[in-house]
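Note sheet for the following structure.
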Amino acid sequence: MANTRFGAITESGKRSHSKIEETGRRSQLFGQQVFNEEKMLQFLTKEALEKVKSAIFQGSKIDRKIADQVAEGMKAWALSMGATHYTHWFQPLTGSTAEKHDAFFDILPDGRAMEKFGGAQLVQQEPDASSFPSGGIRNTFEARGYTAWDPTSPAFIYKTTLCIPTIFVAYTGEALDNKAPLLRALHAIDEAATGVAQYFDKNVRKVYATLGWEQEYFLIDKALAKSRLDLVLTGRTMVGNAAAKGQQLDDHYFGVIPARALSFMSDLEKQCTKLGIPVKTRHNEVAPNQFELAPVFEEANLSVDHNLLLMDVMEEIADRHNFTVLFHEKPFAGVNGSGKHNNWSLATDTGVNLLSPGSTPMKNLQFLTFFVNTIKAVDTYEELLRSSIASASNDHRLGANEAPPAILSIFIGKQLSDVLDELEGVSQGKLSPQEKTELKLNVVGKIPEILLDNTDRNRTSPFAFTGNKFEMRGVGSKTNCAKPMTILNTIVAKQLSDFKKEVDALIGKKNLKKDEAVFNVLREYIKTSKRIRFDGDGYGDEWQDEARKRKLSNNKNTPEALQVLTSKDSIALFKEMGVLSEVELKAHQEVELDAYVLHMQIEGRVLSEMVYNHIIPAAIGYQNALLENVRGLKEVYGAVYNKVAESQLNILEQIGEHLGEIKKQTDEMNAARRRANALSTVNKKAQAYCDNVKPFFESIREQSDKLEKLISDELWPFTKYRELLFAK
Ligand code: ADP
Ligand code: MG
């Protein structure tokens, strides 16, 4: 794990012999703009530094006096770096980040100017951000929203502003953001996992969830992208005939990065490095003009913040390079969309990855414990985990034969399946000494060797074990990772705490040894969670049938997928784990549904405008040109004109047909939209948009794409796929 909170990068990376700045000493730039330990040592008193550290590691409170000292130090550092403003940086439920800048500068009553920033300004702010979605929380309670400092994610300077990561909550304490629930889930997993990890090592005091995301995106020439209203307003192309060449040659994937994109990436990476985002990998992705960037993994809260910050920085730097960066999950039909794999594991404060097999049988029993408990958690709460990646834009991608299906399943590979099968055969209760030896040597003992050459990967699996971590592959490229991370850590926390209760009961009541008790419980879990394990082709139709037989959920669209959030079981789970109250769950669900409706509404309007104001006029324009031509031919050829003008007449007929059809479909789509808008609840609206409006998007597009093929290139009103995807 990159210890990015405290500055020094753990590995300095390969040193380049060339003087090229881009590959030069990245480690010297690392964290330059972050208020990390190095800066704290310089700008804080010893006491304040200790208190901040203990807030980070023990979750202790920072009192007002210390907050004043920290603010003083932060301000001094920020001013020395040339910052002029500060902001509480937060994650409202819109999915992105928000900030409201205040100048450090203030005027004293006597008219003198001074730089003002104290503990009060650091710890809490009331941004009056009343327009952010709150799912009714703020109306119901007439509660004001305020932001509160999250000392576990270090402050940083972006441009000339000191950014202080914060949570955003109502005055009554309800979370109005994605960070507060994540922090609660991380606390829950810490407690539950520490309890279990202590079976194997008494010295463990804390367990961190770790996250390493892989961000996919498209880079499109800015002028070309801006010329299309659908890209500007919805982030995706709503019409567009596929270019003659797509991704079929696989010549973009892992190919030489185009010079202009590389120059963007170099600037981006430099900026990220200064901001403490440990970016590491970059490459071309499958689709033309599609790329991926991945960092070294970090503690989950920090990693989530870094992903959000990265997306902001990317937009800014892309703009400077005359690119538009697209984070939408499906910007172009016919070529791959973008995702954001979430690699996840658990790490102890003693430096152990709990999902990594070790060198001794005991270490491997620890690995198996966390491995099997994760499988069990995903099995029990598969539908909830699916809900965490639901969004209007990700609906285009999940199950579209380029990303995992909407069905959650786990891939662990043949060798580990064999290990679990063997464990399942172990007898119940006390184990004979012989059985124990056999188990330790031949089953548990073999795991490291197994994993060393266990390189088979299944790219179609939504939740795959990849040697020392699980990889969640259905996450959308636009999604705030806080959402899947909150749910994943909550369900694993719940599972681990149940596991501990069961093991303790067996030790207490049945007088089993600890490892015997652990084996006993794991064996049961292996048996009861089999349906979630699937090593086959997740894209195949057979899997859809098989999954139905296994009673796995298959919620293909967002409105359906979100329902489970407020089921009785979910409400009980989130309450027990202290992550979300019933009020919060309902509010968060409402916000998600509302976001779905709003996105659909915007797409419907955009498409409507494209059809009525661009496509139909263009088609009529070409019709007129053809008619003019036919009239001319008639003049010249007289009665036999229709022979000479056969092709023109044929094209005219086809255009007429598609024009009629596209107009009719668009009228109907708008009528369906009006009906959906008039429904009384957001749930009904979302469902109606999904069932009655969205199908028109496809059929309208079909007509438009046919017209695009017929109409003169000169007259077509939109920049084409060929230009968007192949301009480098
Ligand atoms: P790919 O999945 O593309 O083959 P890798 O297997 O190299 O790529 O890993 C991808 C990501 O996994 C990286 O972003 C890395 O930071 C992350 N990762 C590696 N180990 C862990 C871990 N223990 N916890 C969380 N993320 C991890
Ligand atoms: Mg990956």
Side-chain angles (χ1 to χ4, degrees), residues 1-5 9-11 13-14 26 30 182 185-186 189-190 193 197 206-217 253-254 269 272-273 276-286 290-311 336 338-358 363 366-367 370-371 374 402-404 410-413 448 451-475 477 479 481-482 484-485 488-489 492 538:
M1 176 166 53
N3 190 6
T4 44
R5 248 185 217 130
I9 195 160
T10 39
E11 44 181 342
K14 287 194 194 101
R26 239 345 122 65
F30 192 75
L182 174 68
L186 294 174
I189 190 94
D190 172 17
K206 197 170 171 71
V207 172
Y208 301 95
T210 54
L211 166 66
W213 38 262
E214 301 163 50
Q215 179 73 54
E216 291 181 341
Y217 61 97
Y253 190 49
F254 278 37
E269 287 168 10
C272 285
T273 306
I277 307 172
V279 288
K280 192 161 166 144
T281 311
R282 63 185 183 201
H283 61 78
N284 290 1
E285 259 303 327
V286 174
Q290 190 189 26
F291 305 93
E292 179 182 302
L293 178 152
V296 178
F297 67 95
E298 301 174 279
E299 181 279 320
N301 174 41
L302 195 54
S303 184
V304 166
D305 281 358
H306 279 162
N307 181 247
L308 290 165
L309 180 57
L310 170 92
M311 292 201 279
N336 275 13
S338 304
K340 178 151 55 195
H341 293 176
N342 275 205
N343 295 274
W344 170 90
S345 189
L346 295 170
T348 65
D349 60 343
T350 53
V352 173
N353 176 355
L354 293 168
L355 285 170
S356 182
K363 288 250 171 65
Q366 170 177 287
F367 158 71
F370 286 92
F371 180 65
T374 305
E402 57 168 69
I410 302 182
F411 168 84
I412 61 171
L451 285 184
L452 272 182
D453 52 42
N454 179 14
T455 46
D456 59 331
R457 291 273 192 105
N458 181 336
R459 312 305 299 186
T460 69
S461 175
F463 201 89
F465 186 70
T466 52
N468 56 4
K469 61 190 183 289
F470 279 99
E471 180 167 344
M472 199 173 164
R473 301 218 180 96
V475 185
S477 45
T479 304
C481 304
M485 283 298 113
L488 179 59
N489 287 296
V492 176

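Remember, it's 1-based here, ligands and their atoms both numbered in the order they're listed.
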Nearest heavy atoms of [X] and [Y], plus distance in Å:
X    : Y    : answer
I189 : N489 : CD1-O, 3.5 Å
S477 : M311 : O-SD, 4.0 Å
Q366 : A197 : OE1-O, 4.3 Å

Just jot down the ligand 1 atoms closer than 4.0 angstrom to any heavy atom of [X], in number order.
X    : result
N353 : 23 (N)
G212 : 14 (O), 25 (C), 26 (N)
V296 : 16 (O)
W213 : 14 (O)
S345 : 22 (C), 23 (N), 24 (N)
E471 : 2 (O)

For this session: Using a 4.0 Å heavy-atom cut-off, say whether T281 meets ligand 1 through its side chain, its backbone, both or neither.
Result: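 Looking at T281 and ligand 1, no heavy atom falls under 4.0 Å.
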
For this session: Using a 4.0 Å heavy-atom cut-off, say whether E214 meets ligand 1 through its side chain, its backbone, both or neither.
Result: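 The part of E214 near ligand 1 is the side chain, not the backbone.
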
For this session: Check whether any side-chain heavy atom of H306 sits under 4.5 Å from a side-chain heavy atom of P295, and report yes or no.
Result: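 Counting from C-beta outward, H306 and P295 never come under 4.5 Å.
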
For this session: Using side chain to side chain donor-acceptor pair (under 3.5 Å) as the criterion, point out the one residue from Q290, E285, Q215 that pairs with S338.
Result: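 Result for side chain to side chain donor-acceptor pair (under 3.5 Å) with S338: Q290.
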
For this session: Only one of E269, E292, E216 passes salt bridge (charged side-chain N to carboxylate O under 4.0 Å, His left out) with R282; say which it is.
Result: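 The passing option is E269.
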
Problem set entry | Option with minimal heavy-atom separation from atom 6 (O) of ligand 1, where the choices are E299, Q215, K469 |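 That would be K469.
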
Exercise. Hey, looking at atom 15 (C) of ligand 1, which of A294, P295, P278 has the closest heavy atom?
Worked result: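 Ranked by closest heavy atom to atom 15 (C) of ligand 1, first place is P295.
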
Exercise. Do any nitrogen or oxygen atoms of W344 lie less than 3.5 angstrom from nitrogen or oxygen atoms of ligand 1?
Worked result: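 No: no nitrogen or oxygen of W344 is under 3.5 Å from one in ligand 1.
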
Exercise. Under 3.5 Å between some N or O of ligand 1 and some N or O of R459?
Worked result: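 In fact, backbone or side chain, R459 has no N or O that close.
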
For this session: With sequence neighbours excluded, tell me which residues meet side-chain contact (heavy atoms from CB on, under 4.5 Å) with K469.
Result: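 With neighbours one apart ignored, the set is N343, S345, T466.
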
For this session: Drop me the distance from T374's OG1 to I410's CD1, to the nearest 0.5 angstrom.
Result: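 Reported value, rounded in 0.5 Å steps: 7.5 Å.
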
